[in-house]
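Each remark here refers to the structure printed beneath this line.
Side-chain atoms are counted along with the backbone in the values below, which use heavy atoms only and exclude waters and symmetry mates. All figures in this text were calculated on a predicted structure; none of them were measured in a lab. Every chain is numbered from 1 and lettered A, B, ... according to where its sequence line falls, protein lines coming before strand lines.
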Amino acid sequence: MKETKHKMHKPHFIHDIRIGIGDMCKITGVTGRQLRYWEERGYIKSLADEKNSVRKYSWEMLYKVGSIKVFIDEGYTLAKAVEKSELREKEMAIIRKFMAANMHGVEITDEEKLYGQLDLGQCEGKKIYGVVDENGSHLEFGEG
DNA sequence: TTTCTAACA
DNA sequence: TGTTAGGA
């Protein structure tokens, strides 16, 4: 896989995505003025080229800006919105860790309605299932 | 045309 | 926060 012709411009992963400030504005509804201010305050960061250059944002920043924007629209101040956004992200990281370690399978029970049963492994000899059905979701014990 | 910083009728 | 000037 040699790239002798044109380097760059071939993102293979979502993590390679780079978003300009204009697109960031269109996608999130946050103004360029706000984005520059948020960066100045250290709430977000753009990809470190030298300063005074054109800002590029990562996928993570797109996500974070969108998240902050939601909280702002709910009436939180910028500082509180950032706080909630960052707390949410940390909580989600823990949830992902837990799920990665304990999700042993998913059985789909209704493809239309997206109901199913999560195999969450065992505890004290009993199987644990997370059930999503017409009643919402709940936990169930199964036979060892 | 877009984005940059700095500053303010 | 909006907006504008003046460059890059």
Side chain proximity check, A/L78 to A/W38, heavy atoms < 4.5 angstrom: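 A side-chain contact exists here, since the closest heavy-atom pair is under 4.5 Å.
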
Starting at atom [atom1] of [X], determine the distance to atom [atom2] of [N], rounded to an integer number of angstrom.
{"X": "A/M24", "N": "B/dT2", "atom1": "CE", "atom2": "C1'", "value": "16 Å"}
{"X": "A/L47", "N": "B/dC4", "atom1": "CG", "atom2": "P", "value": "13 Å"}
{"X": "A/Y37", "N": "C/dT3", "atom1": "OH", "atom2": "P", "value": "18 Å"}
{"X": "A/E39", "N": "B/dT3", "atom1": "CD", "atom2": "P", "value": "14 Å"}
{"X": "A/R36", "N": "B/dT2", "atom1": "CZ", "atom2": "C1'", "value": "10 Å"}

message: Under 4.0 Å from OP1 or OP2 of C/dG2: is there any side-chain N or O of A/T31 that close?
response: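 For C/dG2, OP1/OP2 do have a side-chain N/O of A/T31 under 4.0 Å.
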
message: Please confirm whether the shortest side-chain N or O distance from A/R55 to OP1 or OP2 of B/dT3 is below 4.0 Å.
response: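 Result: no.
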
query: Taking a pair as Watson-Crick or G-U wobble with both distances under 3.5 Å, which nucleotide is matched to B/dT2?
result: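 When the pairing criteria are applied, C/dA8 turns out to be the nucleotide that pairs with B/dT2.
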
field: Strand partner of B/dA9, provided both Watson-Crick or wobble distances fall under 3.5 Å
entry: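 WC or wobble partner does not exist here.
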
query: Which nucleotide in the set B/dT5, B/dT3, C/dT3 lies at the smallest distance from any side-chain heavy atom of A/I21?
result: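 Nucleotide nearest to A/I21's side chain: B/dT3.
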
- request: Run the numbers on A/R41 and A/Y37 for side chain to side chain donor-acceptor pair (under 3.5 Å), then give the verdict.
  value: CA-CA 6 Å; A/R41 297 298 306 273; A/Y37 178 65; 3.0 Å; yes

- request: Answer yes or no: is there an ion pair linking A/E83 with A/R88, defined by an N-O contact shorter than 4.0 Å?
  value: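 A/R88 and A/E83: not salt-bridged.
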
query: Do A/E140 and A/K127 sit within salt-bridge range, that is, some charged N less than 4.0 Å from a carboxylate O?
result: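 Salt bridge between A/E140 and A/K127, a charged N being under 4.0 Å from a carboxylate O: no.
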
task: Between A/R33 and A/Y57, just flag the one whose closest nucleotide in DNA chain B comes earlier from the 5' side.
output: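 Going by which nucleotide is closer to the 5' end, it is A/Y57.
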
